[in-house]
Amino acid sequence: MATFLIEDVTKTFTNGEVEEQILKGVDLTLKEGEMTALIGPSGSGKSTILTIAAGLQRATDGEILFEGKDMTKMSQEEIRQVRASEFGFVFQSSHLVPFLTVEEQLLLMLDVAESKLTKKEQEKEVDKILKLVEMDHRKDAYPASLSGGERQRIAIARAIIHRPKILFADEPTASLDTKRSKDVMELLRQLTKTLKLTTLMVTHDEEMLPYVDRIITMRDGYIEE
Amino acid sequence: MKIAWKEMRKNKTKFLILGSIIFLVSFLTFIISGLANGLSQDNAALIKDLPEGQFYLNENAKQTYNLSKIDTGLQEEIVKEHPQATAFSVQMGFVNDVEDKQHSVAFLTSTESDVFEDVREGEILLDSSLKEDGIRVGDVLTNNQFSGEFTVKGFVDKKKYSHAPVAYINITNYQEMYRVMEMQTIFIPGKDAPAYNGLESFSNKTFLNAIPSYSAEQMSLNMIIWFLVVISGMLFAIFFYMMNVQKIGLYGILKAIGMKTIALFKMIWFQMIAITLVALSLSIGLSQFFNFVAPEGMPFHLSLDTVLMLSAVFLIVGFVGATISGFQIKKIEPLQAIQQGEM
Ligand SMILES: Nc1ncnc2c1ncn2[C@@H]1O[C@H](COP(=O)(O)OP(=O)(O)OP(=O)(O)O)[C@@H](O)[C@H]1O
Ligand SMILES: [Mg+2]
């Protein structure tokens, strides 16, 4: 079942006089419960297509269909709402809020996603997700006191606590060593399956590929079949 | 606004420093405002306490009250027309007490009236501040330019003019002392302001400015007050601007995960209001305490009304300052922030 369709998306950047087409017509279908990895040389447009799909920047042309609605036609506010309640994000750095404890980070995300849960239910949900990422023992810690791997786990917890449909991850393991990278990949895979997420990730690391269901290679703004 | 509160809790020092500065600035503002008000009372309580009405000076007096002389004929005509009207004069001078000590006073005399005290010849009525100089009812005072003597008949409260206590004397004594028959000013209480040939009319407010030094004194103090208010607004703008610059990445992430821009503004507003309220309550409390313990002779008067009005201005100015600094948040692109964080 397809929940996310990228159809003939192009992206042109203008630097002064020079126009450069970075994406030259990208088609991509993401499936529920499936983990898709984008690979390819640096500068091939992986991050660009991921951020366009995630509603963080606009496509120059093409369609992005999420649950049948074309995101390229949505207003900024509509896109924000989709990002807040339907999408989850993990970036290369964990980008946690420095002055919030682990628990507060997750509660904030539920707040942003306008969760309908009661305060009690929200706290239960936080406990549950923290167990899932094996971080329940650091509930009251501030990001500064966590290791890089632990921070990334919290970032993942924040990305899924509001039960998004799509999870976007741009090189989520790039700042971690191999052992921790594999742990994070294992976690992402497991979450994708148990929560029936649709996961799109970018990676550079060949070693991470065994964990994904589908591998898409990009080259020069195209998808290589 | 939990996130705003939590940031303050985690970064106590930063916010404490801003709070202390706002406290000091607002406290200074209140003190200067109390001083301005006190000095204004000290300088012109006599005029300020008069009911609303109209003052008349000679047209040729260049709006300076000491230079004004009102034609006796015209004066009689006006007083006949307006029974409420009173002609009066004030001159700075001295009285010598029983021990031959000199006291500076503002001699005031007037035609019969409801707004000024009526004194008989040879009698004098003094502002109560002279009591502290040891003058008592029944004392006999003298003046170099006056052949007779003044017997202190009593005291009145808070009648000051040009920083000197007012001394009410009879018009005949006044005319002898200053060798003039004409009065300087005519005052008609009430709303109507008839025009007279050769006279210029003033409202209570504009007449205050005809008192030498009054407007200069008040203007400079008021200028200090408004500068301090503006400075506090700029402090907020600068403080939040610097905080925001440090947090551009964070704001970008919060926007990326779907937080509304208005929520980020609310965060700044909450922090600004919390800091200002705490700082203001402290300085309101302290300045009111100062008002209470200020030494008797010190020209300091700070009403709660003034303090609350200034506090409201501080809040508004702080709000504007914080909001202006928040405009940069509006411009932050989430994508940029994410990529900057990874550089
Ligand atoms: N805002 C922009 N303005 C101009 N050019 C841009 C912009 N963003 C990206 N590009 C260009 O688009 C191309 C693709 O960038 P993108 O970040 O998608 O590559 P990538 O495949 O993610 O590379 P990497 O593996 O190094 O992260 C690059 O040549 C980059 O310089
Ligand atoms: Mg990239």
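Atom set for the values below is all heavy atoms of this structure, side chains included, hydrogens, waters and symmetry mates excluded. Throughout, protein chains are lettered first and strands after them, A, B, ... in sequence-line order, and every chain is numbered starting at 1. What you are looking at is a predicted structure, and each value in this text was computed from that prediction instead of being measured.
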Name the region of A/Gln81, side chain, backbone, both or neither, that has any atom closer than 4.5 Å to a heavy atom of chain B.
neither
Counting heavy-atom pairs under 4.5 Å to chain B, which of A/Arg80, A/Arg158, A/Glu171, A/Glu77 comes out on top?
A/Arg80
Can a donor-acceptor pair be found between the side chains of B/Asp42 and B/His163 at a distance below 3.5 Å?
yes
Cut-off 4.5 Å, heavy atoms of chain B, and the answer for A/Leu108 is side chain
Checking B/Lys48 against B/Ser40: is there a side-chain donor and acceptor pair closer than 3.5 Å?
yes
Side chain, backbone, both or neither: which part of B/Ile257 has a heavy atom under 4.5 Å from chain A?
both
Considering only heavy atoms, which portion of A/Phe87 lies under 4.5 Å from any heavy atom of chain B: side chain, backbone, both, or neither?
neither
I'd like to know if the side chain of B/Ser303 pairs up with that of B/Asp305 as donor and acceptor (distance under 3.5 Å, no hydrogens or angles considered).
no
Check: A/Thr178 main-chain N/O paired with A/Glu207 side-chain donor or acceptor under 3.5 Å
no
Quick test of your reading of the model: are A/Lys165 and A/Glu67 salt-bridged, counting only N-O distances below 4.0 Å?
yes
